[in-house]
Structure formats: structure tokens, C-alpha cells
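Single-structure report; data block below.
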Number of protein chains: 2
Amino acid sequence: MLRVSKLADYAVVVLVKLAADNDCVDCGVQTSPSLAASTGVPEPTVAKVLKALSMSGLVLSQRGARGGYRLQRPLETISIAEVIAAIDGPIALTACVDGASSGCEVQRMCAVHGRWDLVNDAIRDALNRITLSEMRAAGIPAFLRTLTPAE
Amino acid sequence: MLRVSKLADYAVVVLVKLAADNDCVDCGVQTSPSLAASTGVPEPTVAKVLKALSMSGLVLSQRGARGGYRLQRPLETISIAEVIAAIDGPIALTACVDGASSGCEVQRMCAVHGRWDLVNDAIRDALNRITLSEMRAAGIPAFLRTLTPAE
DNA sequence: ACCAAATCGGACTGCATTGGTCCGGTTAAC
DNA sequence: GTTAACCGGACCAATGCAGTCCGATTTGGT
């Protein structure tokens, strides 16, 4: 169904939450247990997400006692494309277009079915234009925006 | 990894192939065995794809002996979004936004993670702008265009 | 110097979705 | 009447993902 992994969803949640206490980019760190508590996502999963996020340079990790995570860049400069790429790997709808080393096994018809890379670029482009700050919808508390009609 | 199902990929192949012999929209029908032979995709899978495609009105089916399938509309008027929707269901990156009847189990935080529908719209929009005729890259025979740099 | 708290970096398992197949029934041309 | 094709299910295997856990390492505090 062309969907993103739940982990990527969690990543957005965590990043937004991380920004809530951390707009000044230096105030303090949040631990994964505390993030788990405030988001409702189980701790090990949060840790997993944070790990991937720090590996991609979206968050900074501080080890040891009193350690934790904080945002490396403000929300406005982080696109969804980056988050998805950090969690789920490079954005490519079909396997044929990125790996490139080992051609797909049906490449005789790969040519005829043509240019998925065109689609990939379009998607990537659309995803790059949406930042995390746009994802966090204003200040509406909760519960109330479960099902606003899309368009 | 944000990828489409293989079935959707096959659907594109089949539709393009279907158009190759069928630009006049009335010349003749092609059977699923013949399409399977010309595309290299196994017959039952082709049949499955065609079935879904006809259910969505993208192809016309003709039953009985000498039956088969043909395009209902010219390639230029079919967007990738339609094909993907026909095979994989409605385009929605997360489950929260389409089902709507049974809210997701974590909807207390669903609010905080916010507006995936914004992303969905962007993707849907991008996919709607690409037609199948654009996917079939010109008249270059085969084998040669495995990895032409995008643009 | 020692301990506690926290990340790091693996591996590991159960489950859900998907890819792919098959079969009986129906339709329609020859 | 026979044959060729679609129809519409059910069905099974496998891939990938969500989620968990454990040991090692780092670092601040006592």
C-alpha cells in the first residue's frame, strides 16, 4: 500500500517531542525512557529509533550518566524525506533503481516497464518539501484532531 | 523503504504491453497467457493483476472463448496513482488516515505526531502527475536503458 | 575509586503482509 | 457440445518488519 514503516512514524513523534523541550538546541537532553513515557511508545522501540536517528546525524547523543539525546538541527530544517531515509533507508519505490550493482532478475522486461526513477524523483521531491515543523500541527492539544477530513 | 508492491510494478508492465498492440482501443484483445509470455511474468500472477485492473475499470475484460483484455482508456490518461490504487488499495502512508472507522490504538499520541495527511496529499499529487505513457520511455527497444541517468 | 545511569551495537523471535499458485465455476465463440 | 478464456475464491510459503533483550562501554556523581 505504499506505506512507511511504523518506526518512521515513531521517529516523527519522538523528534517533535524532542523539540518541545529543546527549542534552544542546548537547554538539556532527554533520555529515551523519558521520551518513551511522554510519547507512549515502548522504551526499546524508542531507543531503536533514536539510535538510527543519531546515526544519521539528526540527533546528538550523549553517553554516560546524565546522558540522553537532543536535536542537532531545528525542526524547520528537517524534512520528512530525511527522517524516512534515516529509518527506512534510501527512498526508492522499486529495487531496480538504487542497488544498481546486481540487476533485477527480470531485467529483460525491466527495460520495457521503464522509468520508475521518474516516480522516485517525484516522491523524493515531494517529501523533501515537507518539514517536521509542518507536521506538528500548531498547538491543538490532542484527541480533537483524530479525523479532520483530508481535503 | 517506502516501496510499491511488485504487483503494481507488474501492472505497469502489463498495461504498457497491452497498449502496444492496442493503441486504437478496439483492435483486438490480448489474453493473459499471451501477456504472460510477452512480459515474462508468470501467468497466474498476470491473471491476478489483470483481475484487479479490470475491477478498477482500467481494462475491459471479455469473457468466453476468444476473450481477453484490452485497455479502457489510452495510456496518456492513466496516472501511476490509479494503477497503484487499483493494485495496492488507496494511497496512504499510515493507517491512521484512511480506515477512519477504527482509530489507531495509540491515538492519544496520534494527535501529537500530527498531520501525515499532508504527506499523503503530496505523494498522491506527485503520483497523479505521472502518466503511464511517460513511464514507457520512447521507442528504445530494450536492454539498453537499464540505467540511464534520470534527467 | 567505585557505582549508577545511560547509550551503543548487536542478535533474536513472533507476526503480518505479500507474492505466487491452484481449482471449480461460468461465459461465450466455434 | 466442446473448447478457450475469464471469474472469484481459498490457499501456502517466504520475506520483511515490529518489538525485545542482553552485554559492553561511557561518564557523572558520591
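Heavy-atom basis, side chains included; hydrogens, waters and symmetry copies ignored.
For B:Tyr69 and D:dC7, the shortest distance from a side-chain N or O to OP1 or OP2 is below 4.0 Å. One finds a side-chain N or O of A:Ser32 lying less than 4.0 angstrom from the OP1 or OP2 phosphate oxygen of C:dT7. Between C:dC8 and A:Ser61, a contact under 4.0 Å exists linking OP1 or OP2 to a side-chain N or O. Contact check, B:Thr31 against D:dC6: no side-chain N or O comes under 4.0 Å of OP1 or OP2. For the pair B:Ser5 and C:dT17, the criterion of a side-chain N or O lying under 4.0 Å from OP1 or OP2 is not met.
How far CG of B:Leu18 is from OG of B:Ser32: 11.0 Å, rounded to the nearest 0.5 Å. Put simply, CG on B:Leu118 and CD1 on A:Ile130 are 5.0 Å apart, with the number rounded to the nearest 0.5 Å.
Of all nucleotides listed (C:dC8, C:dA5, D:dG19), C:dC8 comes nearest to the side chain of A:Ser54. For B:Thr45, taking side-chain heavy atoms from C-beta onward, the closest of the listed nucleotides D:dT20, C:dA28, C:dG20 is C:dG20.
Counting to the nearest Å, the C1' atom of C:dT18 and the CZ atom of A:Arg3 are 10 Å from each other. At whole-Å resolution of the value, NZ in B:Lys51 and C1' in D:dA5 are 13 Å apart. Put simply, NZ on A:Lys6 is 11 Å from P on D:dT20, counting in whole angstrom units. Here C:dG19 presents its P atom at 8 Å from OH of B:Tyr10, a figure rounded to the nearest Å. Atom CD of B:Glu43 is separated from atom P of D:dC7 by 16 Å (rounded to the nearest Å). Atom CD1 of A:Ile87 and atom C1' of D:dG16 are 16 Å apart (whole Å). The separation between A:Arg63 atom CZ and C:dA4 atom P is 19 Å, rounded to whole Å. Atom-to-atom, CZ of B:Arg66 to P of D:dA4 comes out at 12 Å; the value is rounded to the nearest Å.
Using a 4.0 Å heavy-atom cutoff across all strands shown, B:Leu50 reaches no nucleic acid atom at all.
The pair A:Asp121-A:Arg124 meets the salt-bridge criterion, since a charged nitrogen lies less than 4.0 angstrom from a carboxylate oxygen. Of the charged side-chain nitrogens involved, at least one lies within less than 4.0 Å of a carboxylate oxygen, so that B:Arg73 and B:Glu82 count as a salt-bridged pair.
With the nearest nucleotide of DNA chain D identified for both B:Ala65 and B:Met55, B:Ala65 has the one nearer the 5' end.
A donor-acceptor pair is defined here as one N or O able to donate and one able to accept, closer than 3.5 Å; such a pair exists between the side chain of A:Thr39 and the backbone of A:Leu35.
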